[in-house]
Amino acid sequence: MAKVKTTFFCQNCGTQHAKWTGKCGVCNEWNTIVEEVIQKEEKRKWQQATTAKNNSVPLKIEDIQLNPEERIATNNNELDTVLGGGLVKGSVTLLGGEPGIGKSTLILQVALQLSQKVLYVSGEESQSQIKMRAERLQGKSTNCFILTETNTQRIFKNIEDVQPEILVIDSIQTLHTNSIEASPGSISQIRETSAELIKFAKETATPIILIGHINKEGHIAGPKILEHMVDVVLQFEGDRNHTYRILRAQKNRFGSTSELGIYEMLSDGLREVSNPSEILISKKDADLSGTAIASTLEGVRPLMIEIQALVSTAVYGTPQRSTTGYNLKRLHMILAVLEKRAGFKLGAKDVFLNITGGIHVDDPAIDLAVVAAILSSNQDIAISPKVCFAAEVGLAGEIRPVSKIDQRILEAEKLGYTSFVASKYNKIVSTKHNIKLILVGKIEEAFATLFA
Ligand code: TYD
Ligand code: MG
């Protein structure tokens, strides 16, 4: 019996080491080296066949012809926006996300809407399970093939028969190749199988969508180099208790990474949300204290979100501070600024902060709305739902300018807001607005105008 051969891989950079060490000598990361079983086999057949015919020669950049049909529109507007206009031929797109967030649903739905021939390879679900899922979804494609397979050599064999125009792999962690013996999902298997697939994509100009699992830190499971190797890395995220899902690009060789797609998970699949501001603001009859609307910029698209705060006297000795969708440290900072610079005694109060819709916002432009919501709850005075805020709050209690203010004002005006509170240090280019601009320089001024 052949001796089992094992070797050591760095989970971060993928380097192979002869023995285990605490620190990878190549990327200097600690605790990333894991042991794996490998066994070299004869050269992969598919690779031998293709390497010979595709000899690239150097070309002058002006001589390289661009084919206008390089992109395949997916008929899914949100996905197309995030991709920068559709799937680029020969590109490899990696879609990551938590289990059950809807990765398989999204991609199957896209596959069913395409007129191109799609081969959907699943290593996780049987053909009939996928059929059952497809029955729930709306798209009806006659050109979508489903294959349940995990061995890449057999997948390539099927590809030769089907000749798909788009290939989907669900998921990369279930695949294994004959050329090495490590178990599916291990660093070396993911590296090998994805390298085979990427090579196939480049040489045949077939776009591939890879679905990937994420680990508990939220990174795509497997070697970090997987993200370097692929062309596009998309992240599908959302709060499982809410129906909204956000698709964002972490890396995109063919477009911007600042675009964002929003979906709603319904019983018949994912619905594209084209006007996200509407859904993120709760509809209510009476003016309630403790809420404020912020204009945030996700990608190039301004988004109106609702901030809710609850300030109440602490029941226990230590006041509680808790946030959903907002950085807790930043809340502490804002409370300290309110205490020190504006004289609000919040030290003995519980403060709860919530961004409705279950989304997480990092844009500092929502600071002023957070302040407004907290003060509104503290004073129990409602802020008109027609007012919207966009400014950062500095440590000295100053109201700081934010980027792309004109775009934010325009969006607020379009959505029917009547007042817009921003920093007076912001340079506002356009002057013709149908919205009342309230420009403030300090927290006290903002407070005075709001609760006058
Ligand atoms: P799935 O695509 O299997 O998640 P992933 O591939 O990311 O692990 O999504 C499964 C969840 O989506 C499941 O909890 C049920 C829900 N779902 C709907 O709400 N509506 C639908 O039409 C479908 C197909 C799934
Ligand atoms: Mg799945």
Side-chain angles (χ1 to χ4, degrees), residues 74-79 82-83 87 92-114 118-141 144-150 152 155 166-176 184-185 189-190 193-194 197 208-222 226-227 230 232-250 260-273 276 279 357-360:
T74 62
N75 299 335
N76 188 306
N77 285 333
E78 301 289 300
L79 179 63
V82 175
L83 288 172
L87 282 170
V92 180
T93 304
L94 178 63
L95 173 69
E98 304 234 335
I101 205 78
K103 304 180 291 296
S104 308
T105 307
L106 174 68
I107 299 303
L108 184 64
Q109 190 169 335
V110 168
L112 292 174
Q113 282 168 353
L114 281 166
V118 183
L119 178 62
Y120 186 106
V121 182
S122 180
E124 303 192 335
E125 289 161 289
S126 70
Q127 282 161 320
S128 51
Q129 279 175 319
I130 297 171
K131 171 77 180 168
M132 271 161 64
R133 188 198 293 264
E135 294 280 286
R136 296 173 70 178
L137 306 175
Q138 283 151 355
K140 292 279 170 280
S141 167
C144 181
F145 291 75
I146 307 290
L147 172 70
T148 306
E149 181 58 76
T150 55
T152 50
I155 291 174
I166 295 170
L167 177 66
V168 175
I169 304 285
D170 186 3
S171 64
I172 185 74
Q173 279 83 5
T174 58
L175 294 193
H176 67 95
Q189 277 293 6
I190 295 177
T193 50
S194 48
L197 288 165
I208 301 186
I209 300 176
L210 300 176
I211 294 179
H213 296 168
I214 61 169
N215 57 22
K216 63 177 190 295
E217 285 94 41
H219 303 302
I220 290 174
L226 178 57
E227 287 165 59
V230 299
V232 181
V233 179
L234 303 179
Q235 190 85 28
F236 204 37
E237 54 191 46
D239 187 335
R240 207 172 321 185
N241 300 323
H242 286 83
T243 53
Y244 300 112
R245 303 281 183 267
I246 293 177
L247 182 70
R248 44 173 117 232
Q250 281 184 349
L260 179 103
I262 300 184
Y263 294 92
E264 185 177 9
M265 180 65 100
L266 302 173
S267 58
D268 59 348
L270 289 153
R271 183 182 71 92
E272 297 172 40
V273 177
I279 56 150
I359 65 165
H360 186 98

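Numbering of ligands and ligand atoms starts at 1, following listing order.
Shortest contact from atom 21 (C) of ligand 1 to any protein heavy atom: Arg136 NH2, 3.4 Å. Nearest protein neighbour of atom 22 (O) of ligand 1, counting heavy atoms only, is Gly269 N, 2.8 Å. Given atom 19 (O) of ligand 1, the protein heavy atom at minimum distance is Met265 CG, 3.3 Å. Scanning the protein for heavy atoms near atom 4 (O) of ligand 1, the closest one is Gly102 N, 3.2 Å. Of the protein's non-hydrogen atoms, Gly100 N, 2.7 Å is the one closest to atom 8 (O) of ligand 1. Scanning the protein for heavy atoms near atom 2 (O) of ligand 1, the closest one is Thr105 OG1, 2.6 Å. Here the protein heavy atom with the shortest distance to atom 6 (O) of ligand 1 is Ser104 OG, 2.6 Å.
At distances below 3.5 Å, at least one donor-acceptor pair connects side-chain atoms of Gln127 with backbone N or O atoms of Ile146. Glu78 places a side-chain N or O within donor-acceptor distance of the main-chain N or O of Ile262, the cut-off being under 3.5 Å. At distances below 3.5 Å, at least one donor-acceptor pair connects side-chain atoms of Glu272 with backbone N or O atoms of Asn77. Counting only distance, with no hydrogens or angles, the side chain of Asp170 and the backbone of Ser104 share no donor-acceptor pair below 3.5 Å. Gln109 contributes a side-chain N or O that, together with a main-chain N or O of Leu270, makes up a donor-acceptor pair within less than 3.5 Å. Listed for the Lys103 side chain is no donor-acceptor partner under 3.5 Å among the backbone atoms of Gln235.
Atom 13 (C) of ligand 1 is not flagged as protein-proximal [any protein heavy atom, distance under 4.0 Å].
Evaluated for a side chain to side chain contact (heavy atoms under 4.5 Å, CB included) with Val230, the options Ile208, Leu210, Ile172 yield exactly one hit, Leu210. A side chain to side chain contact (heavy atoms under 4.5 Å, CB included) with Val82 holds for exactly one of Leu234, Val232, Asn76; it is Leu234.
Residue-level proximity to ligand 1 for Arg133 is carried by the side chain, the only part with a heavy atom below 4.0 angstrom. Counting heavy atoms closer than 4.0 Å to ligand 1, residue Asp268 contributes backbone atoms (N, CA, C, O) but none from C-beta onward. Contact annotation: for Leu266 versus ligand 1, heavy atoms closer than 4.0 Å belong to the backbone alone.
Numbered from 1 in the order shown, with element, the atoms of ligand 1 that lie under 4.0 Å from a heavy atom of Glu98 read 7 (O). Residue-ligand proximity, Pro99 to ligand 1, at heavy-atom distances under 4.0 Å covers atoms 8 (O). When each atom of ligand 1 is checked for a heavy atom of Ser267 under 4.0 Å away, the hits are 20 (N), 21 (C), 22 (O).
No hydrogens or angles considered: nothing links the side chains of Arg136 and Ser267 as a donor-acceptor pair under 3.5 Å.
Remark: Glu98 CD to Ile214 CD1 distance equals 4.5 Å, nearest 0.5 Å. Here Arg245 contributes atom CZ and Leu106 contributes atom CG; the two are 11.0 Å apart, rounded to the nearest 0.5 Å. For the atom pair Glu149 CD and Leu175 CG, the distance stands at 9.0 Å (nearest 0.5 Å).
Tally of protein N, O or S atoms closer to the Mg ion (ligand 2) than 2.8 Å: 1.
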Exercise. Apply side chain to side chain contact (heavy atoms under 4.5 Å, CB included) to the pair Leu79 and Leu247, showing each step before the final yes or no.
Key: CA-CA 8 Å; Leu79 179 63; Leu247 182 70; 3.6 Å; yes
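Every heavy atom of Gly97 sits 4.0 Å or more from the atoms of ligand 1.
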